[in-house]
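Encoded as structure tokens, here's the structure I'll be asking about.
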Amino acid sequence: MSAGDDGLLVVRDLVAGYGAAPVLHAVDLTVPAGTIAAVVGANGAGKTTLLRTLSGMLRPSAGRILLDGEDLGGTPVEQLVRRGMAHVPEGRGVIGELTVDENLRLGGLWRRDRADAGRALDEVYQLFEPLARRRRHHGHQLSGGERQMLALGRALIGRPRLLLLDEPSLGLAPRVVARTMALLRQLRDDTGLTVLLVEQNVRSALGIADQGVVMSLGRVVTTRPAAELRDDADLRHAYLGF
Amino acid sequence: MDRFVFLTLDGLSRGAVYAAFALALVLIWRAARVVNFAQGAMAVAAAYVAYSVSAATGSYWLGFLAALAAGLLLGAVVDRVVMRHVDHASPLNPVIVALGLVLLIQAVLGMVYGSEFRPAPAPFSRSALTVGGLALLSPYDLFVFATVGVVVGALAWVFARTAVGLRMRAAAFAPEVSRLLGVNVGGMLTLGWALASSVGALAAMLVIPTELGLHPHAMDLVFVSAFTAAVVGGLDSPPGAVVGGLVVGLLLSYVSGYAGSDLTPLAVLVLLLAVLLVRPGGLFATVAARRV
């Protein structure tokens with residue numbers, strides 16, 4: 001893992017936090033293109049801080065973030081989507097005051113290729129049939145599962161290369177979580193989407209991930225093939241406590 | 001009955017101006033969570049620009065357009081140079097800074113133009129047309145209605161139907177998420193200030209000819225009425241601002257007509273208090289009551 005910088009996303013020695021005390025201590029991470037990486041770990045491990053730093057909402061105090069070999073240092077948040085990075089934040093970020101259709105169109109407004117933005121919108125409506133029936137409904141009228149679809153769909157309209165997802169399973173019924181995870185796997189297999197997934201729901205996340213990244217107290221304590229973490233009881237016990 | 005009809009029409013005409021001015025307040029509140037107490041002074045400054053341009057060119061309409069342009073520019077400058085740098089942690093900070101801007105703008109206007117009243121001509125006759133002995137609206141009133149109607153309609157269309165309107169709404173409701181979706185939130189904020197300030201300038205251009213004339217303090221009382229209108233409608237609601245403006249216009253017209261014009265400032269304050277006590281979020285509120 002340490003030698004090759006050949007991932008779509010490469011993070012080296014990343015230090016970031018709020019105020020003086022860093023939350024992330026020298027985080028290293030490599031996510032190869034077309035794979036799913038699941039970042040797991042206890043509350044307060046720095047998982048959300050990692051995503052917020054990757055998408056530019058939080059400025060790192062040291063370290064490098066490379067997307068497809070390009071250094072993202074200092075890129076304003078609103079430019080990152082143009083570099084192919086989509087971040088679905090904690091709580092999903094559905095704008096309740098806007099309609100489903102407006103939320104989705106917002107995801108494609110930055111795109112120069114208007115025709116393809118339109119095609120992407122149609123595809124999302126095909127992918128998430130319930131959204132198509134609720135186009136004119138406001139975001140705050142949707143169920144948790146529908147919000148999940150809306151947030152994912154809105155990110156997909158930008159046709160991202162890298163999708164950052166913060167706790168997609170939070171507050172969702174197990175059935176909906178399973179559907180979401182299956183969809184992520186399908187997107188990886190069909191479109192080559194790269195996903196960095198932060199999850200408390202370790203079993204679900206490792207169930208679809210190629211790579212498991214265990215964080216604790218702001219450090220990456222181990223990076224393993226997801227199947228290994230999932231199936232090896234000793235490893236699981238040592239790093240994840242169950 | 002004749003008097004009632006006259007007072008109603010007159011109240012609606014003034015109310016249309018309050019509606020426009022309240023709408024400007026609502027636009028900035030929604031975009032920046034700031035009650036722009038400097039809006040009256042900013043609008044007067046734009047009206048003085050119109051005065052200078054009209055004096056130089058002899059054209060009312062060039063002055064009118066200059067006021068709208070000056071409003072756009074002044075709004076953008078106030079956002080970029082002043083408000084952007086104010087710490088919004090306490091809602092009181094931007095209020096204090098806005099009050100400071102009022103003093104600054106009024107002092108500069110006083111220095112440049114003096115503090116006497118300057119004549120502000122109306123582009124159309126202000127004498128009411130009479131139908132069957134009943135005094136109705138003047139051509140100027142019709143101009144006011146048409147202008148405010150066009151502006152309200154245009155703003156509603158921009159916000160509801162255009163990409164930039166969608167960006168502006170998204171940036172106002174959820175700045176962080178909007179940035180993640182590629183929206184230039186800072187730019188949308190500046191655009192909001194510019195648009196609002198231009199609408200404020202328009203309201204000043206419409207109302208000043210109906211008062212004593214142009215003066216650095218010409219919009220002070222209008223501001224109080226429009227602020228009341230915005231609170232009545234709910235600071236978050238553009239339709240509320242329009243309805244609130246018309247309600248305040250009618251109230252002032254009836255009070256002034258039936259009880260004497262001395263009582264109108266009191267009536268505005270009573271209405272403001274009543275709304276804040278009974279329904280602090282405003283009649284059209286959809287969110288929790290504000291703190292300012």
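Within every chain, numbering begins at 1; the chains are lettered A, B, ... in the order of the sequence lines, protein sequences first and strands thereafter.
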Open item on the list: Determine whether A/Leu98 and B/Arg169 satisfy the following criterion, side chain to side chain contact (heavy atoms under 4.5 Å, CB included), listing intermediate values before the conclusion.
Closed with: CA-CA 8 Å; A/Leu98 302 183; B/Arg169 281 187 293 149; 3.7 Å; yes

Open item on the list: Please classify the contact of A/Leu109 with chain B as side chain, backbone, both or neither, using a heavy-atom distance under 4.5 Å.
Closed with: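 Both parts, heavy atoms under 4.5 Å.
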
Open item on the list: Need one label for A/Leu80: side chain, backbone, both or neither, based on atoms under 4.5 Å from any heavy atom in chain B.
Closed with: neither

Open item on the list: One thing to verify: whether A/Glu97 and B/Arg30 come together as a salt bridge, which I'm taking to mean a side-chain N less than 4.0 angstrom from a carboxylate O.
Closed with: no

Task: Atom pair CD/CZ of B/Glu176 and A/Arg52 - distance to nearest 0.5 Å - done: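 Answer for the CD-CZ pair, B/Glu176 versus A/Arg52, is 4.5 Å.
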
Open item on the list: Quick check against the 3.5 Å criterion: does A/Arg82 have a side-chain atom that pairs as donor or acceptor with the backbone of B/Gly182?
Closed with: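 Checked: pair present.
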
- [ ] Under the side chain to side chain contact (heavy atoms under 4.5 Å, CB included) rule, collect the residues that match up with B/Ala98, sequence neighbours excluded.
- [x]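 Scan of B/Ala98 (side chain to side chain contact (heavy atoms under 4.5 Å, CB included), adjacent residues dropped) gives B/Asn36, B/Phe37, B/Ala38, B/Met83.
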
Open item on the list: Any non-hydrogen side-chain atom of A/Val77 less than 4.5 Å from a side-chain atom of B/Leu180?
Closed with: yes

Open item on the list: Please identify, among A/Gly93, A/Gly108, A/Gly96, the residue contributing the most non-hydrogen atom pairs under 4.5 Å to chain B.
Closed with: A/Gly93

TODO: Could you tell me which portion of A/Glu102 (side chain, backbone, both or neither) has an atom closer than 4.5 angstrom to a non-hydrogen atom of chain B?
DONE: both

- [ ] Calculate, to the nearest 0.5 Å, the distance between atoms CZ and CE belonging to B/Arg179 and A/Met57 respectively.
- [x]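 It comes to 9.0 Å.
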
Open item on the list: So which atom in A/Ile95 and which in B/Ala170 form the shortest heavy-atom distance, rounded to 0.1 Å?
Closed with: CD1-CB, 4.0 Å

Task: Exercise: identify the closest heavy-atom pair between A/Leu106 and B/Leu181 - done: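 Here A/Leu106 and B/Leu181 meet closest at CD2-CD1, 3.8 Å.
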
